[in-house]
Structure formats: structure tokens, C-alpha cells
K.L.:
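So that we are looking at the same thing, I have put the structure below in C-alpha cells.
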Amino acid sequence: MTFCDNCFKGVTHEGTPTGKWEKIGGVDVYVATPSKEYDKTKAILFLSDVFGPQFINNQLLADDFAANGFRTFIPDYFNGDPIPADAVVDGALKFDIASWRLNHGPDKTRPPLDKVISALKEQHGVTTFGATGFCFGGRYVFDLAFENIIKVAVVSHPSMLQIPADLEKYATVATAPLLINSCETDAAFPQEACAQADALLAEAKFAPGYKREHFPGCAHGFAVRGDMTDERVRAGKEGAFRASVVWFAERL
């Protein structure tokens, strides 16, 4: 399980977030709420990349899910210590990622996520969860699916997965239909992983449902940190978002 160089690169997007910060289960959570009537028993867990819910791109994307009718929560499973958005300067990472990783393993990042899920169930009336994970967050979408905590799963350019072991396990124990948004250049989830996912889930007719969207001209991180001045990257980001919304709308 590893990161790739593109896990720490990207473009900051423009916009004004409309969600709010709330304490849920003692954890800071960015909450994006639909402006129109919505099903309060359902929620999307937005499991972010290493830049966390503090990163404006993640907030804007959560707001987009809310605009499509899904109350969306981005838990701060980095405990207030994500990689800062300005960690990349002139294309180079100016940050001690090795030290950061020591304090952000599953023993530190999974407990806050579990607290938020428990509180949403017990205090907020949520009974059904979908999860969308980007990069680092893809790991936890798989883990939540393994434990059958979520009903619907989406991952975009996931990292931190063991391939093919996690795909094999997904095919065996998970019940959440899975959408994978993949791309042309992705060291964390390369073309070989895409082919293995298709073989294990599509060709084996994974009963809950499986689909993989593929976006040429895009690199790891495109669905949340892509350069919107690049037409193919913009098309990839928008395509991955549309596919995710449809996946949730039809299954959550």
C-alpha cells in the first residue's frame, strides 16, 4: 500500500463553499446540506484525499453532491493535521511526508471515522450510507464495504489498496455495488489494477453491481484536484462526478 507522486499534486479550484463545519461524535466534519427537501435517513460519506476537508476543492465537491440531493459529510479523519494545500511549490513537494505518515496510519485515522458514523446513526437519524473516496479515501471505502457499513461505494483514483488482494476480498465479502473512476496515468491504481478489477468484478458478474469509468488524458487526482484549464481533465472531473451521482441516485 503506497502513495504516488500525484497524491500530493493538484490545482486549487475557485469557488465559495456553502457547507458548514459541525462537531459530530466529537470530530470536526464539513457538512454539505441540500437546499431542497431530501431524505434525512441517507448520507454520503466523503472520504477525502490527504488534503482533508479543509481543502477548498473537497468542500466544493461535497457542495456539488448536496446540490444533487445528497447530504454529504467530510470527516476530518486527519485530526486537524492534513497535508497543507500549499505543500507543493513549483511542482515539488515541500513537506516531510514520511513523518506525516507515522501519525496518520489506520490506528489514528479510522477511529474518528467510526465516531462520525456512530453519531450519525445515533443522533442524526442516518440509517443508510453511501461512500465516495478519493485517493487516500479509497482505502476506507473498501474497508467500510468489507464490513458492510455502506450500501453503495464509489472510488476515484484510489490509493493505499493492495492489488489484487483487496479486489479479491471485495468480490468475496462486499455487498455494496462499486463504481471505480479510473484514469490513464495512475501509479497508485494503474492499468493492470483496472484490468484485474474488471476480471474479478465485471467478468465474474459481481452480483451487487460493478462499473468502471475510464478517463483518458487524466492523471491520479483528476476527480478532485485536476487542472480545469485542461479540457480533457475538466471533462474527466465532470464525467467522474456525473457517474458518481448517477451511481448513488440509482442505488442509495
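Only this structure's heavy atoms are used, side chains among them; waters, hydrogens and symmetry mates stay out. Residues take their numbers from the sequence shown, with the count starting at 1.
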K.L.:
May I have the step-by-step check of side chain to side chain contact (heavy atoms under 4.5 Å, CB included) for T185 and H220, ending in yes or no?
P.N.:
CA-CA 6 Å; T185 304; H220 183 90; over 6 Å; no

K.L.:
Let's go through F146 and Y140 carefully: what are the C-alpha distance in whole Å and the side-chain angles of both, what is the deciding distance for ring-ring contact (aromatic ring centres under 6.0 Å, His included) to 0.1 Å, and is it a yes or a no?
P.N.:
CA-CA 9 Å; F146 293 160; Y140 284 125; over 10 Å; no

K.L.:
For the atom pair CD1 (I44) and CZ (F70), what is the distance rounded to the nearest 0.5 Å?
P.N.:
5.0 Å

K.L.:
Provide the closest heavy-atom pair for W100 versus D81 in the form atom of the first, atom of the second, distance.
P.N.:
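That would be NE1-O, 2.8 Å.
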
K.L.:
Go through the structure and list residues passing ring pair (Phe, Tyr, Trp, His ring centres under 6.0 Å) with Y170, not counting sequence neighbours.
P.N.:
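Result, ring pair (Phe, Tyr, Trp, His ring centres under 6.0 Å) vs Y170: F142, F206.
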
K.L.:
Are the side chain of E213 and the backbone of A240 linked by a donor-acceptor contact shorter than 3.5 Å?
P.N.:
no

K.L.:
Might you point out which heavy atoms bring W247 and A153 nearest each other, and give the distance in Å?
P.N.:
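Closest approach of W247 to A153: NE1-O, 3.3 Å.
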
K.L.:
Testing the basics here: between A66 and T72, what is the closest heavy-atom pair and its distance to 0.1 Å?
P.N.:
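So the two residues come closest at N-OG1, 4.0 Å.
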
K.L.:
Measuring from L201:CG to I180:CD1, what's the distance to the nearest 0.5 Å?
P.N.:
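Rounded to the nearest 0.5 Å, the CG-CD1 separation comes to 6.5 Å.
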
K.L.:
How would you list all residue pairs meeting salt bridge (Lys or Arg N to Asp or Glu O under 4.0 Å) that involve residues 20-34, not counting sequence neighbours?
P.N.:
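Those involving residues 20-34 are K23-D28.
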
K.L.:
Listed by chain and number, what are the salt bridge (Lys or Arg N to Asp or Glu O under 4.0 Å) partners of K40, not counting sequence neighbours?
P.N.:
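Partners of K40 by the salt bridge (Lys or Arg N to Asp or Glu O under 4.0 Å) criterion, ordered by chain and then number, come out as E37.
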
K.L.:
What pairs with K108 under side-chain hydrogen bond (donor to acceptor under 3.5 Å, both in side chains), at least two apart in sequence or on another chain?
P.N.:
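With sequence neighbours excluded, K108 shows a side-chain hydrogen bond (donor to acceptor under 3.5 Å, both in side chains) to no residue whatsoever.
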
K.L.:
Test side chain to side chain donor-acceptor pair (under 3.5 Å) on H214 and S182 and set out the steps.
P.N.:
CA-CA 5 Å; H214 188 73; S182 65; 2.9 Å; yes

K.L.:
With ring-ring contact (aromatic ring centres under 6.0 Å, His included) as the test, would you mind laying out the steps for Y30 and F46 before giving the verdict?
P.N.:
CA-CA 9 Å; Y30 181 84; F46 185 122; 8.8 Å; no

K.L.:
Spell out, yes or no, whether V29 and Y38 are grouped together once hydrophobic residues are joined by side-chain heavy atoms under 4.5 Å, including indirect joins.
P.N.:
no

K.L.:
Between Q191 (side chain) and C183 (backbone), is there a donor-acceptor pair under 3.5 Å?
P.N.:
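The answer is yes, because a donor-acceptor pair under 3.5 Å joins these two groups.
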
K.L.:
Indicate yes or no for a side-chain donor-acceptor contact from N58 to the backbone of G52 under 3.5 Å, with no hydrogens or angles considered.
P.N.:
yes

K.L.:
I need the full list of salt bridge (Lys or Arg N to Asp or Glu O under 4.0 Å) pairs touching residues 239-252, with sequence neighbours left out, sorted by first then second residue.
P.N.:
none

K.L.:
Can you name the ring pair (Phe, Tyr, Trp, His ring centres under 6.0 Å) partners of F241, sequence neighbours left out?
P.N.:
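So F241 forms a ring pair (Phe, Tyr, Trp, His ring centres under 6.0 Å) with F65.
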
K.L.:
Quick one: CG on L252 to CG on D39, what's the gap to the nearest 0.5 Å?
P.N.:
8.0 Å

K.L.:
Sort and list the pairs that fulfil salt bridge (Lys or Arg N to Asp or Glu O under 4.0 Å) and have at least one residue in residues 141-164, not counting sequence neighbours.
P.N.:
R110-E147, R139-D143

K.L.:
Under the salt bridge (Lys or Arg N to Asp or Glu O under 4.0 Å) definition, can you give me all pairs with a residue in residues 52-77, not counting sequence neighbours?
P.N.:
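Listed once each, the pairs would be none.
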
K.L.:
Please name all residues satisfying salt bridge (Lys or Arg N to Asp or Glu O under 4.0 Å) with E238, sequence neighbours left out, ordered by chain then number.
P.N.:
R234

K.L.:
Determine yes or no for a side-chain-to-main-chain donor-acceptor pair under 3.5 angstrom, with Y77 supplying the side chain and S48 the backbone.
P.N.:
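Yes, because the side chain of Y77 sits within donor-acceptor range (under 3.5 Å) of the backbone of S48.
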
K.L.:
Among residues two or more places apart or on two chains, list those pairs meeting ring pair (Phe, Tyr, Trp, His ring centres under 6.0 Å) that have a residue in residues 171-197.
P.N.:
none

K.L.:
When you group the ILVMFWY residues by side-chain heavy-atom contacts below 4.5 Å and let the links chain together, are V173 and L144 in the same group?
P.N.:
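Looking at the clustering, V173 is in the same group as L144.
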
K.L.:
Please table the atom pairs, donor to acceptor, closer than 3.5 Å between any side-chain atom in residues 117-135 and protein atoms at least two apart or in another chain.
P.N.:
from : atom 1 : to   : atom 2 : distance (Å)
S118 : OG     : D114 : O      : 3.1
T127 : OG1    : T41  : O      : 3.4

K.L.:
For R212, check salt bridge (Lys or Arg N to Asp or Glu O under 4.0 Å) against everything at least two apart and list the hits.
P.N.:
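With sequence neighbours excluded, R212 shows a salt bridge (Lys or Arg N to Asp or Glu O under 4.0 Å) to D198, given in chain and number order.
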
K.L.:
State, to 0.1 Å, how close A243 and N181 come at their nearest heavy-atom pair, and which atoms those are.
P.N.:
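Minimum heavy-atom contact is CB-OD1, 4.1 Å.
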
K.L.:
Between atom CD1 of I74 and atom CZ of F55, what is the distance when rounded to the nearest 0.5 Å?
P.N.:
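That separation rounds to 11.0 Å.
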
K.L.:
As an exercise, state the distance from CG of L47 to OG of S156, rounded to the nearest 0.5 Å.
P.N.:
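Spacing of CG (L47) from OG (S156) equals 11.5 Å.
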
K.L.:
Please report the shortest heavy-atom distance between F222 and G236, naming the atom on each side.
P.N.:
CE1-O, 3.3 Å

K.L.:
Which heavy atom in P82 sits nearest to a heavy atom in Q54, and how many Å separate them?
P.N.:
CG-OE1, 3.4 Å

